[in-house]
Every structure is written in C-alpha cells, then in structure tokens.
Amino acid sequence: MQDVPKIHPVILSGGVGARLWPMSRALYPKQLMPLASERTMLQDTVLRVSGKSFAAPLIVCNEEYRFIVAEQMRGIDVTPANILLEPVGRNTGPAAAVAAMVIAARDPDAVMLVTPSDHVILKPGKFREALGIAATAARAGALVTFGIRPDRPETGYGYILHGAACDDAQGCYKVVRFVEKPDLATAEGFLAEGEYLWNSGIFAFTARTFLTELERYQPEMVAFCRDALAGASRDLDFCRLDSAAFKEVPFLSIDYALMEHTTAAAVVPVEMGWNDIGSWSALWDTGDRDEDGNVLHGDVLAMDVRNSYIRSDGLLTAVVGLDDLVIVVTSDAALVVHKDRTQDVKEVVDELKRRGRHQQERHLTIHRPWGQYRSIDGGERFQVKHITVQPGGKLSLQMHHHRTEHWIVVHGTARVTRGNDTFLLHENHSTYIPLGVLHRLENPGKVPLWLIEVQSGSYLGEDDIVRVEDNYGRS
C-alpha cells in the first residue's frame, strides 16, 4: 500500500495582536502567550498539525520573535523544518509565497497547510477530517480555504458564498464569491440564507498551484519574494530573508492577492469550534465560564459580576457589581472595556503609539535568547532590573559608554568577565562594572541564575550596548 504524502504545515506567526492589548504587545504578541490554554497559542497550533500525517512545520515570523519562537518549539520537542525571518511585516500573501518557494524546491506538488498561529480549534478531529478533504481537492488543483458555518450575524469576519460541489473531493465546494466584513443587516441576511460561511483564513494547496496562480495575478509579489529568498542568509537556526528585496514586496493578504481573483478557489465547510481570537470577547466566547457567565484568570475577586472576562497578571483585581465587561490587568497597564467594544482596543494602541508610550510596544519583562530581564524600578540616572539567565546562557561580551552596573547574585552561580579578569560569583556576592569596561555574564550552572542589576549613569537606554562578541549573531 502506497503511503499518502505528508502535508506540510506553514505556520504564520508575524502579527502583533493589537486588539488583545495590554497582554499582546508589538515585541511579545498574542500568539507567543498562553491565552487559550496552558501552552502558548503558537505551541497549540504546531501540536495540532503534528504527527505521522504531517511534515515538520515551516514557521514564518518577524525577526524580533526568532529566539522566542525557537525556544517555544524546544519546549514542545518540535524541530521546525525552517524558521523564515521577515525583516518587516507584509501580510499573509508574501509569507505564504516565500514558504511555498522553500517547499517547492524540495517537492513542487507537496500540499501546504497555511494557518495562522493565533486561532483556537476546539474540535481538532473535525479539523483533521476537513483537512483530508481539502488535501484531496488541493492535489486535484484547487486552492482551498476552510469555511466556518456561522452561528450568529458576525460583522468582524469575511464571508464566502459557496456554490456547486467539486468533482474531485466530496465535501468541497467551488467558491462563488468572497465578501468583506459586512454590516449587521447584511450579516443577518447571510445567516438567514444559509449558503454563506465565515472565512477562516486557513488554506490548503500545493506549492506548485499556489505559485503558478500567484504569478498570474501578482507577478511583482512573486518576483520580489524570489529575490528575498535568493538573497537570504543563514543565522544560527534561522533563514533571514533579504531585507532590501522583502521591503519592496506589496502588502497583501492571501485573499486579496489571490483567492478573490482565481477561478480555482474552493471551500470546505466545517464546524470545528473555530475562533480567530481577534479580541478579548473571543476569549470570553471560548473560555470556561462560571455559573455567573464569567471567565476569570489570575488573582481575581469577582462579586456580583456577570458575563465578564477578567484577567490579572499578578495583581489582585477586585470587581464589584458590574456586567458585560472585559478587565485585563498587567504589571504596567490596565484595560476596562465593554464586551461589545473590544474591537476598539486597537484605537488605544494607536493612541499610545502616537504618544510614544512604551506600553504599546513592550512589557516590563523582556525576553532574550539567554533568558529574560524585568524592570523593577527606575528614575533619573538609575534603573533596577531582575535578570534571569538560563543554564548555559551567555550574554554578549559588551561595554557601555554612559552607565555603570552593580550585579548582585541572589540564586545560582554567575561567571563574570570584567576586563581581563574572569571569576565566579555565588549567592549573596556582588561585583561592579565600571564605565567603558568590557564585560560578560554567563550561567555555568544547572539551575537558573537570578541577578539584581543596578544601573546608574547619564543614559540608560538599551541602545547603549556595544557588542564585541555574541553567541546569538547580534554583534
């Protein structure tokens, strides 16, 4: 019996998830966070498309996330086939195109499953059944999307009108037309008509068919993507696309670039408990509600509260006598919004960006390939950080022009390079790093190293780091 060719998952992990602020931020977006389960959304997505039917995943992400993505894959014991780094975001069309070129170089007729990394699918068995149908249609030349049977007149999704059944795959239908996000009256009409599906943004097609059709409708995109891949360079475990070429690529989704133009578009209707987690209300929809209809996470005290989503990242959050709200509290920001207005959270992020506030871009905890650091306190000419270095982790050999540093070890053992000296520091020991002196911090032990760092000087920004040598290609 001949083996069925494996499906090649392409995981798109480049979005910033602005509507899930303040948890999701530009430098640490929603797909890298455990919002819908104990694992991150990226990890859940990869595990959903793992097993004997699938090849190793190809992940496309922003270069800022590369070490976090790699570490999360190690955390679930998955070795990606490749991690492609985008120098800038160009939407899903170019990301899928570059992935298709990589896969086509090995097997042009391989079936690609292109999926975002921030969706929830509560019925994975139904998803795999639909994927089997989609793969059959894709091998017959179709460009397949997955259509979700609507259960309400949703105005936040695009819609697909399906037509006649495909001859080559039972359960797959030709697409008559795509409809952008409708107003409420139109959405109510679609629901009553019964022939319209929500557009999930998940696709299946062969690399050959996708690239052939894309070249027909978007030749400029294909040309620049080929240039970006041809000029790519290896960077540790990553493939870094050529920046100059990729910045010229048009900003287009797969739908706009191709699916709304091609005559090969098809759709597989499926009820798989899908949600694209595009807002906080979506997490209320998919969450485990208590007897009052509330979804509660973290240190939360809710009294006489109903039909609300309340999440606290550490701080005790007490809520009394309120209904239909989303309340999200982090270490440096809090959001309170009516459950019907969660799509407007992006406007908050846009305003924070205009005001130059760091809360739109980063958390107080910053992740690095060697571990992480968290800002504890700061003011004029000083800053205090809690640094965690994982076993075997090694910071760059570096120096600063404008600041000095004091290091205090509170857990584990540190190996310190300071000028021409290298020495160990144990718990409750400390050292001083003068201005302009080359230095390096390492964890030679088997447990995490915890360090308190006190910086002082005329300028304390992260760009006052001159890296002379680095294990992670950042020097």
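Note that the structure is predicted; figures quoted are calculated from it, not measured.
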Can a donor-acceptor pair be found, under 3.5 Å and without considering hydrogens, that links the side chain of [X] to the backbone of [Y]?
X: T330; Y: V328; value: no
X: W284; Y: D324; value: no
X: D44; Y: S37; value: no
X: R90; Y: K247; value: yes
X: D290; Y: D292; value: yes
X: S50; Y: V46; value: yes
X: T136; Y: A169; value: no
X: H261; Y: D255; value: no
X: R128; Y: R48; value: yes
X: E220; Y: P250; value: no

Quick check: closest heavy atoms across [X] and [Y], and the distance to 0.1 Å?
X: A204; Y: A134; result: CB-CB, 4.0 Å
X: V389; Y: N443; result: O-ND2, 2.9 Å
X: M221; Y: A257; result: CE-CB, 4.0 Å
X: Y65; Y: G15; result: OH-O, 3.8 Å
X: M259; Y: F203; result: CG-CE2, 3.7 Å
X: P448; Y: T388; result: CB-CG2, 4.3 Å

Looking at [atom1] of [X] and [atom2] of [Y], how far apart are the two atoms once the value is rounded to the nearest 0.5 Å?
X: M112; Y: L211; atom1: CE; atom2: CG; answer: 7.5 Å
X: L58; Y: H8; atom1: CG; atom2: NE2; answer: 10.0 Å
X: L12; Y: L84; atom1: CG; atom2: CG; answer: 10.5 Å
X: I11; Y: D118; atom1: CD1; atom2: CG; answer: 11.0 Å
X: M41; Y: I277; atom1: CE; atom2: CD1; answer: 5.0 Å
X: C239; Y: R234; atom1: SG; atom2: CZ; answer: 5.5 Å

Report yes if some heavy atom in the side chain of [X] is under 4.5 Å from a heavy atom in the side chain of [Y]; otherwise report no.
X: E469; Y: K394; answer: no
X: V49; Y: F127; answer: yes
X: F146; Y: L197; answer: no
X: W274; Y: I202; answer: yes
X: D235; Y: R66; answer: yes
X: H358; Y: L364; answer: yes
X: V295; Y: I310; answer: no
X: P34; Y: R39; answer: no

Inset, instruction - Assess whether side chain to side chain donor-acceptor pair (under 3.5 Å) is satisfied between R374 and S331, documenting all intermediate values. - result: CA-CA 11 Å; R374 182 179 183 85; S331 55; 3.1 Å; yes
For atom [atom1] of [X], decide whether the heavy atoms of other residues, nucleotides or ligands shown that lie under 6.0 angstrom number more than 12.
X: R355; atom1: CZ; result: no
X: D183; atom1: CG; result: yes
X: Q170; atom1: CD; result: no
X: D77; atom1: CG; result: no
X: F178; atom1: CZ; result: yes
X: E38; atom1: CD; result: no
X: R289; atom1: CZ; result: yes

Legend entry - Steps toward side chain to side chain donor-acceptor pair (under 3.5 Å) verdict (T286, N275): CA-CA 8 Å; T286 59; N275 197 304; 5.4 Å; no
Answer yes when [X] and [Y] have at least one side-chain N-carboxylate O distance shorter than 4.0 Å, and no when they do not.
X: K346; Y: D350; result: yes
X: E271; Y: K123; result: no
X: R74; Y: E71; result: yes

Inset, instruction - Take C61 and L85, measure what side chain to side chain contact (heavy atoms under 4.5 Å, CB included) needs, and give me the verdict at the end. - result: CA-CA 5 Å; C61 70; L85 303 182; 3.8 Å; yes
Legend entry - Check: F67 ring centre within less than 6.0 Å of F238 ring centre: yes
Inset, instruction - In sequence, state the C-alpha distance, the side-chain angles, and the governing distance for F246 and R240, and then conclude on side chain to side chain contact (heavy atoms under 4.5 Å, CB included). - result: CA-CA 11 Å; F246 200 74; R240 188 184 292 274; over 6 Å; no
Inset, instruction - Report yes or no: do Q359 and R25 form a side-chain donor-acceptor pair below 3.5 Å? - result: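 Judged by distance alone, the side chains do not pair up.
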Inset, instruction - Start with the C-alpha distance between L35 and R311, add both sets of side-chain angles, then the distance that settles side chain to side chain contact (heavy atoms under 4.5 Å, CB included), and finish with yes or no. - result: CA-CA 10 Å; L35 293 178; R311 187 182 198 108; 3.9 Å; yes
Inset, instruction - Scan T186, V179, L191 and name whichever one has a side-chain contact (heavy atoms from CB on, under 4.5 Å) with Y196. - result: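 For Y196, the side-chain contact (heavy atoms from CB on, under 4.5 Å) test succeeds with only one of T186, V179, L191, which is V179.
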Inset, instruction - Might you work through the side chain to side chain contact (heavy atoms under 4.5 Å, CB included) test for V98 and V60, ending with a clear yes or no? - result: CA-CA 9 Å; V98 174; V60 186; over 6 Å; no
Inset, instruction - Please work out whether the ring planes of Y157 and W198 are parallel, tilted or perpendicular, with thresholds of 30° and 60°. - result: perpendicular
Inset, instruction - Specify whether Y28 and H363 have parallel, tilted or perpendicular ring planes, treating 30° as the upper limit for parallel and 60° as the lower limit for perpendicular. - result: perpendicular
